[in-house]
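These notes concern the structure reproduced below.
Sequential numbering from 1 along the given sequence is applied to the chain's residues.
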Amino acid sequence: MNGAVEAANKNIKKILRKMVDNYKQWHEKLPFGLLGYSTIVHTSTGANPYLLVYGTQVVIPVEVEIPSLRIIQEDELSDAEWVWNRYEQLDLIDGKKMNAVCHGQLYHNRMARAFNKKVRSRQFTQGQLVLKRIFPHQDEAKGKFSPNWQGPYMVHRLLTGRST
């Protein structure tokens, strides 16, 4: 769950960077950035967060000033019809959430397949010299001019099975 929050924060920061000229104004644009983030359809779930939480599409401020067809149709409903319509929408939330979960799993599988296409299988032999890759997030990475590899190391023992 923490990874999802970090991803959401990263995306909201991207939206704010596009909206703000001066970094000191970010707090004025935050409500608009949050509205934009909650109303766009996310590739990973196939739905927008507002729809998954509330079971209905968000009403953006422009629709209040210039009513859309959806708003006009809701205004013409009696209170009882509106309540029944809303109850049916809320009843569908679980189905929409399940669709989003299934869509997320398919998206995850698609991303894993794309990643695994790039992975090359390597066969090592005892006594072979190998290099260890240093990734940017590791403590050994000390800047852009630091080396990308450590080693060489000698393979002393081979393990059976698949190791990652």
Inset, instruction - Without swapping roles, check the side chain of Gln126 against the backbone of His156 for a donor-acceptor pair under 3.5 Å. - result: yes
Inset, instruction - Considering non-hydrogen atoms only, spot the tightest contact between Leu129 and Pro152 and give its length. - result: CB-CB, 4.3 Å
Inset, instruction - Decide yes or no for Val155 and Val130: does some side-chain heavy atom of the first lie under 4.5 Å from some side-chain heavy atom of the second? - result: yes
Legend entry - Straight-line distance of Lys117 NZ to Arg113 CZ, nearest 0.5 Å: 7.5 Å
Inset, instruction - Please check if atom CZ in Phe32 has more than 12 non-hydrogen atoms from other residues, nucleotides or ligands closer than 6.0 Å. - result: no
Inset, instruction - Would you please name every residue forming a side chain to side chain contact (heavy atoms under 4.5 Å, CB included) with Pro31, sequence neighbours left out? - result: none
Inset, instruction - Could you tell me the separation between the CD1 atom of Ile12 and the CH2 atom of Trp26, rounded to the nearest 0.5 Å? - result: 11.0 Å
Inset, instruction - Would you give the length of the straight line joining atom CD of Gln128 to atom CG of Leu158, rounded to the nearest 0.5 angstrom? - result: 9.0 Å
Legend entry - Nearest-0.5 Å distance that lies between atom CG in Asn116 and atom NZ in Lys118: 11.0 Å
Legend entry - Hydrophobic cluster membership, Phe124 vs Leu159, 4.5 Å side-chain cutoff: no
Inset, instruction - State which residues pass side chain to side chain contact (heavy atoms under 4.5 Å, CB included) with Lys29; sequence neighbours excluded, sorted by chain then number. - result: Leu16, Met19, Val20
Legend entry - Those residues that, when tested against Asn9, pass side chain to side chain contact (heavy atoms under 4.5 Å, CB included) (two or more places apart): Val5
